[in-house]
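It should be emphasised that the depicted structure is a prediction, and the values quoted were computed from it without experimental measurement.
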Amino acid sequence: MRPLALALTLAAPALAEDVDLELVLLADASGSIDMAEIRFQRQGYAEAITDSAVLAAIANTAYGRIAVTYVEWASAGEEDVVVPWTIIATPEDAAAFAAALIPPPRMAFGRNAIGSALLKGKELIETNEIEGWRKVIDFSGDSANSWGGPPVAEARAEVLAAGITINGLPILCRSCNGPAQGDLERLYRERIIGGPGAFVVVAETDAGFAEAVRRKLILEISGRMPQTEMARAE
């Protein structure tokens, strides 16, 4: 290659990879979540991402592929990327993502810092080399309280201003290890979710957790996000 052509090649910016959806899975790893629950959550997401209905939803998108990353959040600055951005277009891609999700050690600890977690999701979307038609943060947890970091309302507003939708998966009570809030679903709607088509899917029992994740992923991937009603999985 001639020197000028080589210089132009090196100077050219890398083209972003186009996908239908950029999806950040923000999973609770705060103090109310013990190691058994960390494993339980990861397994639930692993089962959901490899589900045939989820794979069919991906295949039916405009590009036939989405980008996903899995992040565990706790106190401010304690947001650990468990699985980095991964393009999922085939069952093999989904299986590889699920396999990568289970082994890593827990790295996020501390009390809830929801605002910090939301801003981490925004950062991950804005700094990747992927371009999605839709950009979504999928936030899960067993509390709507925040004990540090940026105020939730301010962080939420910043995320929404960037054109990113926030959906919620409130975990009402699995092992009752954390706060049991009967109105947690309402608090998620009022304080956390937002953006076009934002919605809440509630996980109320151990048996219903993977189903709640599966249902939420299908809605997010397909773009069939209910405007006002709340989906439930018991």
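The two residues T50 and A94 make their nearest non-hydrogen contact at CG2-O, 3.6 Å. In this structure, A62 and D20 approach most closely via the heavy-atom pair N-OD1, 3.4 Å. Here the shortest heavy-atom pairing between L119 and P150 reads CD1-CG, 3.7 Å. Summarising the geometry of A113 relative to A76, their closest heavy-atom pair is CB-N, 3.2 Å, with the distance given to 0.1 Å. The two atoms that bring G197 and N167 nearest to each other are O-OD1, 4.2 Å, heavy atoms only.
One N or O on the side chain of R134 and one on the backbone of I221 form a donor-acceptor pair closer than 3.5 Å. Judged purely by atom type and a 3.5 angstrom limit, T61 has no side-chain atom pairing as donor or acceptor with the backbone of A57. No donor-acceptor distance shorter than 3.5 angstrom exists from the side chain of N112 to the backbone of I114, with no hydrogens or angles considered. Side-chain atoms of E22 never come within 3.5 Å of backbone atoms of A67 as a donor-acceptor pair (strictly under, hydrogens ignored). Side chain of D183 to main chain of R186: no donor-acceptor pair is present (N/O by atom type, distance under 3.5 Å, no hydrogens or angles). When atom types are taken as modelled, the side chain of R65 and the backbone of I58 share no donor-acceptor pair closer than 3.5 angstrom. Of the possible donor and acceptor atoms, one in the side chain of T86 sits under 3.5 Å from a partner among the backbone N and O of P84. Of the possible donor and acceptor atoms, one in the side chain of W73 sits under 3.5 Å from a partner among the backbone N and O of S140.
Taking E126 as the reference, K122 meet the salt bridge (charged side-chain N to carboxylate O under 4.0 Å, His left out) condition, with sequence neighbours excluded. Listed by chain and residue number, nothing satisfies the ring-ring contact (aromatic ring centres under 6.0 Å, His included) test with F109 (two or more places apart in sequence, or in another chain).
Note that CG of L23 is 5.0 Å distant from CG of L21, once rounded to the nearest 0.5 Å. Rounding to the nearest 0.5 Å gives a distance of 10.0 Å between CD1 of I125 and OG1 of T69. Annotation: the span from W85 atom CH2 to E129 atom CD amounts to 12.5 Å, rounded to 0.5 Å. Between atom CD1 of residue I192 and atom CG of residue L169 there is a gap of 11.0 Å, rounded to the nearest 0.5 Å. Interatomic distance, I171 CD1 to S143 OG, rounded to the nearest 0.5 Å: 11.0 Å.
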Check the pair V136 / I164 against side chain to side chain contact (heavy atoms under 4.5 Å, CB included), numbers first and verdict last.
CA-CA 5 Å; V136 175; I164 301 169; 5.8 Å; no
Begin with the C-alpha distance, continue with both residues' side-chain angles, and end with the deciding distance and a verdict on side chain to side chain contact (heavy atoms under 4.5 Å, CB included) for V71 and V82.
CA-CA 5 Å; V71 182; V82 180; over 6 Å; no
Verify side chain to side chain contact (heavy atoms under 4.5 Å, CB included) between R156 and V159, making sure each step is shown before the conclusion.
CA-CA 5 Å; R156 176 180 177 272; V159 170; 5.8 Å; no
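Applying the salt bridge (Lys or Arg N to Asp or Glu O under 4.0 Å) test to every pair with at least one member in residues 45-60, sequence neighbours left out, gives these pairs: D51-R214. Applying the salt bridge (Lys or Arg N to Asp or Glu O under 4.0 Å) definition to pairs two or more places apart or across chains, those involving residues 70-86 are R42-E72. Applying the salt bridge (Lys or Arg N to Asp or Glu O under 4.0 Å) test to pairs two or more places apart or on separate chains, those with a residue in residues 103-120 are K120-E123. The stretch residues 88-98 participates, sequence neighbours left out, in no salt bridge (Lys or Arg N to Asp or Glu O under 4.0 Å) pair at all.
Considering only heavy atoms from C-beta on, I137 stays 4.5 Å or farther from T165 through its side chain. Proximity of F40 to D34: side-chain heavy atoms (C-beta onward) are nowhere separated by under 4.5 Å. Side-chain contact between R189 and F199 is absent, with no heavy-atom pair separated by less than 4.5 Å. Side-chain contact between V83 and L25 is absent, with no heavy-atom pair separated by less than 4.5 Å.
Hydrophobic clustering (side-chain heavy atoms under 4.5 Å, transitive across Ile, Leu, Val, Met, Phe, Trp, Tyr) keeps Y63 apart from I88. Hydrophobic cluster membership is shared by I218 and I66, with clusters built from Ile, Leu, Val, Met, Phe, Trp and Tyr side chains linked at under 4.5 angstrom. In this structure, L160 is a member of the same hydrophobic cluster as V200, with clusters built from ILVMFWY side-chain heavy atoms closer than 4.5 Å.
With no hydrogens or angles considered, a side-chain donor-acceptor pair links S32 and D142 at under 3.5 Å. With hydrogens and angles left out, the side-chain atoms of Q41 and D28 include no donor and acceptor closer than 3.5 Å.
By the 30° and 60° cut-offs, the orientation of the rings of Y45 relative to Y70 is perpendicular.
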